[in-house]
Number of protein chains: 2
Amino acid sequence: MDDHIQFKSLTRLDESLLAHIPPFSLLEHSQIREILDHATVRRYAEGVPVFCEGDPAERFFMVLDGYIRVLRITPCGEQVIALHIPSGQLFGIAKAIGRDAYPATAVTASEAIILSWPTQIWDYFVVNYPGFATETYKVVGERMGELNMRVVELATQQVEQRVANTLLRLVNQTGRKVEGGIEVDFSITRQDLSEMTATTLHTISRLLSAWEKQGLVKSRRKHIVVSDPQRLVALGQHHA
Amino acid sequence: MDDHIQFKSLTRLDESLLAHIPPFSLLEHSQIREILDHATVRRYAEGVPVFCEGDPAERFFMVLDGYIRVLRITPCGEQVIALHIPSGQLFGIAKAIGRDAYPATAVTASEAIILSWPTQIWDYFVVNYPGFATETYKVVGERMGELNMRVVELATQQVEQRVANTLLRLVNQTGRKVEGGIEVDFSITRQDLSEMTATTLHTISRLLSAWEKQGLVKSRRKHIVVSDPQRLVALGQHHA
DNA sequence: TATAAACTTTGCGCTAGCACAACCTTTGTT
DNA sequence: AACAAAGGTTGTGCTAGCGCAAAGTTTATA
């Protein structure tokens with residue numbers, strides 16, 4: 001992970017990149033310049049690990065473009081996808097929650113451009129950049145909220161509802177308008193969806209087939225379009 | 001919730017109460033005095049709500065003695081128990097994660113003595129008391145870790161394993177040595193355990209009965225003693 | 001001391017969704 | 001063009017664990 005290409009010397013990053021992103025939105029242009037000058041940029045292909053669970057948290061990251069998938073692997077080798085992170089968000093911020101190793105693995109869910117900084121300057125950021133800490137902890141809070149929601153869903157809902165809700169969340173958070181509905185903005189297999197909803201790829205396949213027949217979704221290999229969010233919401237709700 | 005009894009005027013709290021508790025352990029006695037003087041103390045009976053999901057987060061809390069149960073209630077009225085908080089820990093720290101309403105409900109799991117402070121002085125604490133922020137975020141990190149672990153467990157394990165692991169965690173975190181094993185240190189019903197493990201009280205009852213026959217646990221109404229942690233650990237592990 | 005309320009146990013039948021298996025389709029590679 | 005590899009579909013049978021039901025036990029209340 002030390003082969004980071006230092007784009008900053010090639011393509012000088014524009015300050016406007018960060019100006020509107022919450023943790024930096026309160027800062028002066030000069031401060032953003034400073035932040036960018038400390039950053040390393042790297043382009044990742046799809047499906048590439050950015051860091052792994054248990055690695056020492058030497059850097060923290062921000063998605064500039066693309067999506068990150070956060071996952072954990074059980075002792076028995078099963079994957080559980082915890083979360084997707086869209087562009088504009090920090091991740092790998094172990095330091096913020098008092099850890100010195102990453103608590104989960106981060107893999108690119110699409111091609112992605114990622115900024116990163118050495119963890120040592122975290123405290124400097126917190127002290128010197130107003131709003132940075134606050135906004136960061138807001139993100140932590142949101143992630144906790146999502147985790148919590150997943151626990152509740154896993155504990156109380158049927159597979160069909162979990163999948164419906166997960167799919168809705170995906171298109172809400174990372175959806176792209178296409179003709180005929182909203183499409184999940186990165187490659188996503190049945191296997192992936194099953195690892196998000198604690199079921200099997202077979203069950204997902206059956207569900208999507210059924211939904212497609214009813215005109216709720218349209219899916220091709222690695223692509224899912226939600227064409228009737230309304231009815232999907234209804235499916236996700238009640239206990240029947 | 002405004003009938004807080006101001007014990008502080010009656011029984012002046014001793015500084016040694018907080019001196020060894022992480023978020024305060026780095027502080028001078030005078031600072032702890034100051035903190036205590038701002039605190040409200042209240043004794044709660046068992047099963048009493050301290051705050052409810054969605055309430056404005058006007059105060060933050062610390063368990064001085066007893067246990068707190070954190071839970072969420074679904075639209076359909078089902079409860080999911082997220083977490084138990086033992087004495088010495090902060091809770092209701094919505095402010096720390098950028099919220100202004102409590103994200104879950106907190107109920108006493110036993111008789112409890114609880115300190116609380118108005119949320120407005122949170123920032124003062126963070127700025128003026130070294131180590132307070134860091135230690136607090138460590139707690140946030142640990143809670144995230146627990147949530148994460150629960151998601152993984154719910155997603156990959158069978159009921160028997162989940163219950164075994166949950167029970168082990170309970171006795172590890174809140175266990176009290178008794179003759180014949182380690183006992184969960186607060187009242188706990190089959191219903192409670194089922195709400196922690198996403199199953200039914202019936203299944204819990206059957207499991208405990210079976211385990212009792214095998215000499216793994218001993219349980220009476222509202223009490224559970226783990227007598228053979230070793231074998232329980234084994235049960236919690238493998239996929240069979 | 002009787003009665004109610006809360007908690008627990010146990011039995012039985014059913015079904016959601018998994019495991020297994022076979023086959024198909026699309027994409028990438030040589 | 002042929003093959004391999006990754007991803008997707010669909011069928012069949014099975015079972016973990018739930019829903020329902022009924023009865024037992026302990027604790028609280030009148």
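Labels below follow one simple rule: chain letters A, B, ... track the order of the sequence lines, proteins then strands, and each chain is numbered from 1.
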* Identified side chain to side chain contact (heavy atoms under 4.5 Å, CB included) counterpart of Ser187(A) within the set Glu46(A), Arg221(A), Glu111(A) -> Glu46(A)
* Structure fact -> side chain to side chain contact (heavy atoms under 4.5 Å, CB included) with Thr174(B): of Ile182(B), Val184(B), Ile85(B), only one passes, and it is Val184(B)
* Ignoring hydrogens and angles, are the base of dT10(C) and the side chain of His202(B) linked by a donor-acceptor pair under 3.5 Å? -> yes
* Does any donor-acceptor pair link the side chain of Arg206(A) with the base of dG8(D) at a separation under 3.5 Å? -> no
How close or far is atom [atom2] of [N] from atom [atom1] of [X], stated in whole angstroms?
{"X": "Gln158(B)", "N": "dT15(D)", "atom1": "CD", "atom2": "C1'", "value": "10 Å"}
{"X": "Gln157(B)", "N": "dC18(C)", "atom1": "CD", "atom2": "P", "value": "16 Å"}
{"X": "Glu46(A)", "N": "dT27(C)", "atom1": "CD", "atom2": "C1'", "value": "13 Å"}
{"X": "Arg162(A)", "N": "dA16(C)", "atom1": "CZ", "atom2": "P", "value": "14 Å"}
{"X": "Leu207(A)", "N": "dT10(D)", "atom1": "CG", "atom2": "C1'", "value": "14 Å"}
{"X": "Leu208(B)", "N": "dT8(C)", "atom1": "CG", "atom2": "P", "value": "9 Å"}

* Salt bridge check: are Glu195(A) and Arg69(A) linked by an N-O gap of less than 4.0 Å? -> no
* Contact class for Leu201(B) (heavy atom, under 4.0 Å): base, sugar-phosphate, or nothing? -> base
* Asked: Taking DNA chain C as the partner, which of residues 212-227 of chain B come within under 4.0 angstrom of it by heavy atom?
  -> Arg221(B), Lys222(B)
* Structure fact -> Within residues 182-195 of chain A, those residues having any heavy atom closer than 4.0 Å to DNA chain C are none
* **Spacing of CG belonging to Asp192(B) relative to OG1 belonging to Thr166(B), to within rounding of 0.5 Å** => 12.5 Å
* CD1 on Ile81(B) to CD1 on Ile73(B), rounded to 0.5 Å -> 10.5 Å
* Dump the intermediate steps for side-chain contact (heavy atoms from CB on, under 4.5 Å) on Met196(B) and Arg169(B), then the final yes or no. => CA-CA 11 Å; Met196(B) 289 182 232; Arg169(B) 233 172 290 133; over 6 Å; no
* Pick out which of Phe51(A), Tyr44(A), Trp117(A) makes a ring-ring contact (aromatic ring centres under 6.0 Å, His included) with Phe61(A). => Phe51(A)
* Asked: Under 4.5 Å between any side-chain heavy atoms of Val80(B) and Thr156(A), yes or no?
  -> yes
* **Gln89(B) and its side-chain hydrogen bond (donor to acceptor under 3.5 Å, both in side chains) partner, picked from Arg143(B), His84(B), Glu142(B)** => Arg143(B)
Below the 4.0 Å mark, does [N] have OP1 or OP2 next to a side-chain nitrogen or oxygen of [X]?
{"X": "Thr200(B)", "N": "dG19(D)", "answer": "no"}
{"X": "Thr203(A)", "N": "dC18(C)", "answer": "yes"}
{"X": "Ser205(B)", "N": "dT10(C)", "answer": "no"}

